[in-house]
Participant: 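Just dropping this structure here.
Letters A, B, ... mirror the listed sequences (proteins, then strands); counts begin at 1.
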Amino acid sequence: MSTNTELAAMFHTMATVLEISGANGFKVNANVKVARTLEDLVEDIATIEDVTTIQGIGKSSAAKIKEYIETGSMSGYDELISSIPNGLLAVMNVQGLGPKTVGKLWKEAGVVDIPSLKEAIEDGRLELLPRMGKKTIQNITESLAFLATHANRSRLGVAMPIALAFLEKLQQCKGVSNITYAGSLRRGKETIGDIDILASTDEPAILIKAFCEDKDVEKVLAKGETKCSIRVKKGMQIDLRVVDRKTFGAALLYFTGSKEHNIILRERAIDQDKKLNEYGLFESGSEVNDSSSTEEEIYSSLSLPWIPPEIREDRGELSCKKIPRLVEINDIRCDLHCHTTASDGQMSIQELAHHAIERGFHTIAVTDHSQSQGQANGLKADRLRKHIDAIREANENIEGITILAGTEVDIHPDGTLDYDDDLLAQLDIIVASPHSALNQSPDDATKRLIAAIEHPLVHIIGHPTGRIINKRKGLEPDIMALVSAAKEHSTALELNANYYRLDLKDTHVRAVCEGGALLAINTDAHRPEDFNQLQYGILTARRGWATPSNCINCLEHDKLLAWLRSKC
DNA sequence: GCCGTTTTCGGCCCGACTGTTTTCAGTCG
């Protein structure tokens, strides 16, 4: 684990312990903010001379961070953590249980962890506590069962189809004038906690009934006149919020978040003697809506440009002089990392080419696995030579697209490649990716990837960390060092659009773009439907503030080929 | 704990829903 990640986890833990202990809420929030800042930070915190220059990190936290970097421990941390039972932190993950209740469960019912919470429910101890009725205990029991069987957050590509399916059904309801998804899904986060749906309708009761009684609903968690929550059979929670048509824009802004972005907007409103909530922007003390029918109008009233949802994360978007024109799906003109039946793909070269033509691409790269990838039917040298011939022939015979002969060559743990240079030199495009030894040390990973970046024949580093979201951490290279080397050698770093990967991730993408290196957004398609994954890559790229000029997939045909040939 | 073009102290976003209690605390987003 990187120092940033370790420290972030410690600050999160401190915040939770403080919260259970009943500490000042603002102090709790300050610790959460430090944790979040550390999570977003791409540079190794240890390399930053004065961390108080980072917004949100003050003297106190800076001293703790410094001490941890220098000594490997943090004074006060162990004492704080040991002030509550270790297992109590897990109890905080139970839906419906917050710091006040968890503190009460501990002090008044002897609950110290999940098992003892279950015991306290079974032996009736919980019922003896004030404000702990049958219904509350039933809800806790159900939350415990849910927690035991489900991961906390779903991958973006899991949540999106569920949301779209619900939208399609709900917009059929009588009276619905506006319906969309908001929340972290609209912001395109790599994982989604729950799906937020926002609607305006003349017939709220009909919509709410349809929502709560849908065949995919497993449990109705809350049901009011304007707000309902359900859990669907696939395990995700969906919140529906019904608002007046006139306030849809304000509500969309509010429910898109992020929370941190909203807080700054509200503070900005207060500075202007106004009040912002989900119903609109109001002059102070007035019930008269300033202007709130669209998001654009609200931002404008706050003297701000409209900010794309993907960057509403309090990562500088509200102090930025000019919001760049972020990359869009229609800017993408080619896919430079795809597989065929030659290795582990399901499409022939011809099928791949036809799907690419359908998408309006001018170029498609055939990049099957290299020889070390036995389980993926990776190509030995002689098979690759024949494959190159087949690709060249297809390129001759198929009109309307350029088909590039390429490879996704393994980067060995020591940084060498899985084919000889002589063979690589025969190809049009070389994507080099790590597939093995994905738990090597950050130093080794950095050396390994930089060796590949510096290789004169390599065009793109594929899924640089090898992570699998919610499953595998992957490599933790020094991203700033990679970016610097990538810029120097004109090697692109990939944002693999597959929603299991999204590798590089959003903050890494931003480092690539700000560092002046090239970004490649590829689907790594193995099946025709994989081309649809591009949407997730685009969302992630936008979260990383990527513009078309950062991205080689946005180049016109001749410029792309010129860049490819510039490597020799 | 953090912050400051009202600066070193005083303030820090806002509202819906639930369950339990009868006027509201706690949780969630």
Participant: Looking at A:Tyr279, I'd like to know whether one of its side-chain N or O atoms comes within less than 4.0 Å of OP1 or OP2 on B:dA16.
Facilitator: yes
Participant: Could you state the CG-P distance from A:Asn262 to B:dA16, rounded to the nearest angstrom?
Facilitator: 15 Å
Participant: Tell me which nucleotide, if any, is Watson-Crick or G-U wobble paired with B:dT8 when both distances must be under 3.5 Å.
Facilitator: none
Participant: Nearest 0.5 Å, what's the OG1-CG distance between A:Thr3 and A:Leu38?
Facilitator: 10.0 Å
Participant: Using a cut-off of less than 4.0 Å, is there contact between a side-chain N or O of A:Thr136 and OP1 or OP2 of B:dT18?
Facilitator: no
Participant: So which one's nearest nucleotide on DNA chain B is more toward 5', A:Val34 or A:Ile270?
Facilitator: A:Val34
Participant: Between atom NZ in A:Lys59 and atom C1' in B:dT8, what is the gap in whole Å?
Facilitator: 10 Å
Participant: With a non-hydrogen cut-off below 4.0 angstrom, is A:Ile264 in contact with a base, only sugar-phosphate, or nothing?
Facilitator: nothing
Participant: Using a 4.0 Å heavy-atom cut-off, does A:Ser229 contact any base of the nucleic acid, only the sugar-phosphate backbone, or nothing at all?
Facilitator: nothing
Participant: If the C1' atom of B:dT18 is compared with that of B:dT22, how far apart are they to the nearest Å?
Facilitator: 15 Å
Participant: With a cut-off of less than 4.0 Å, is there a side-chain N or O of A:Asn139 near OP1 or OP2 of B:dG19?
Facilitator: yes
Participant: A:Leu281 has an atom CG; how far is it from atom P of B:dC13, in whole Å?
Facilitator: 16 Å
Participant: Rounding to an integer number of angstrom, what distance separates B:dC3 and B:dT8 when you compare their C1' atoms?
Facilitator: 10 Å
Participant: Distance between the P atoms of B:dC17 and B:dT23, in whole angstroms?
Facilitator: 23 Å
Participant: Is B:dT7 in the syn range, within 90° of 0, or in the anti range?
Facilitator: syn
Participant: Less than 4.0 angstrom between a side-chain N/O of A:Lys275 and OP1 or OP2 of B:dG15, yes or no?
Facilitator: yes
Participant: Test A:Phe211 against every option in A:Leu170, A:Asp239, A:Ile206, A:Val220 by the side-chain contact (heavy atoms from CB on, under 4.5 Å) rule and name the one that passes.
Facilitator: A:Leu170
Participant: Over how many whole Å does the gap from A:Glu267 atom CD to B:dT6 atom P extend?
Facilitator: 15 Å
Participant: Whole Å only: how far is the CD atom of A:Glu260 from the P atom of B:dC12?
Facilitator: 18 Å
Participant: Nearest nucleotide by nearest heavy atom, which residue falls closer to the 5' end of DNA chain B, A:Ile137 or A:Ala30?
Facilitator: A:Ala30
Participant: Donor-acceptor pair, distance only, cut-off 3.5 Å: does the side chain of A:Asn277 make one with the backbone of A:Gly280?
Facilitator: yes
Participant: Counting only side-chain heavy atoms from C-beta out, which of B:dG1, B:dT21, B:dC14 sits nearest to A:Arg131?
Facilitator: B:dT21
Participant: Using the C1' atom as the point on both nucleotides, what is the distance between B:dT7 and B:dC12, in whole Å?
Facilitator: 15 Å
Participant: Is there a side-chain contact between A:Thr37 and A:Lys33 (heavy atoms, below 4.5 Å)?
Facilitator: yes
Participant: Donor-acceptor pairs are to be reported for all side-chain atoms of residues 90-110 of chain A against protein atoms at under 3.5 Å, with residues two or more places apart or in another chain.
Facilitator:
from: A:Gln95; atom 1: NE2; to: A:Gln237; atom 2: OE1; distance (Å): 2.9
from: A:Lys104; atom 1: NZ; to: A:Pro130; atom 2: O; distance (Å): 3.1

Participant: What's the separation between atom CZ in A:Arg266 and atom CG in A:Leu281, rounded to the nearest 0.5 Å?
Facilitator: 11.0 Å
Participant: Just to be sure I understand the rule, does A:Lys104 reach a base, reach only the sugar-phosphate, or reach nothing, if contact means heavy atoms closer than 4.0 Å?
Facilitator: nothing
Participant: Whole angstroms only, please: what is the CG-P distance between A:Leu105 and B:dG26?
Facilitator: 12 Å
Participant: Any idea which of B:dG1, B:dT18, B:dC13 is nearest the A:Ala222 side chain?
Facilitator: B:dT18
Participant: Going from CD1 on A:Ile140 to CG on A:Leu126, what distance comes out if it is rounded to the nearest 0.5 angstrom?
Facilitator: 5.5 Å
Participant: Which atom pair, heavy atoms only, marks the closest approach of A:Glu476 to A:Ser2?
Facilitator: OE1-N, 3.4 Å
Participant: Quote, to the nearest angstrom, the C1' distance that separates B:dC28 from B:dC9.
Facilitator: 32 Å
Participant: Using the P atom as the reference point in each nucleotide, state the distance between B:dT27 and B:dT20 in Å, no decimals.
Facilitator: 14 Å
Participant: Roughly how many Å is it from CD1 in A:Ile263 to C1' in B:dG15, rounded to a whole number?
Facilitator: 14 Å
Participant: Without decimals, in angstroms, what is the distance between A:Asp271 CG and B:dT6 P?
Facilitator: 9 Å
Participant: Polar-atom pairs under 3.5 Å, protein N or O versus N or O of nucleotides 27-29 of chain B: list them with distances, or write none.
Facilitator:
from: B:dT27; atom 1: OP1; to: A:Gly98; atom 2: N; distance (Å): 2.7
from: B:dT27; atom 1: OP1; to: A:Gly98; atom 2: O; distance (Å): 2.9
from: B:dT27; atom 1: OP1; to: A:Thr101; atom 2: N; distance (Å): 2.9
from: B:dT27; atom 1: OP1; to: A:Thr101; atom 2: OG1; distance (Å): 2.4
from: B:dT27; atom 1: OP2; to: A:Lys100; atom 2: N; distance (Å): 3.2
from: B:dT27; atom 1: O5'; to: A:Gly98; atom 2: N; distance (Å): 3.4
from: B:dC28; atom 1: OP1; to: A:Gly96; atom 2: N; distance (Å): 2.6
from: B:dG29; atom 1: OP1; to: A:Asp194; atom 2: OD2; distance (Å): 2.9
from: B:dG29; atom 1: N2; to: A:Tyr254; atom 2: OH; distance (Å): 2.3

Participant: Across the strands shown, which category fits A:Gly193 at heavy-atom distances under 4.0 angstrom: base, sugar-phosphate, nothing?
Facilitator: nothing
Participant: Would you please say whether a donor-acceptor pair under 3.5 Å links the side chains of A:His261 and A:Glu317?
Facilitator: yes
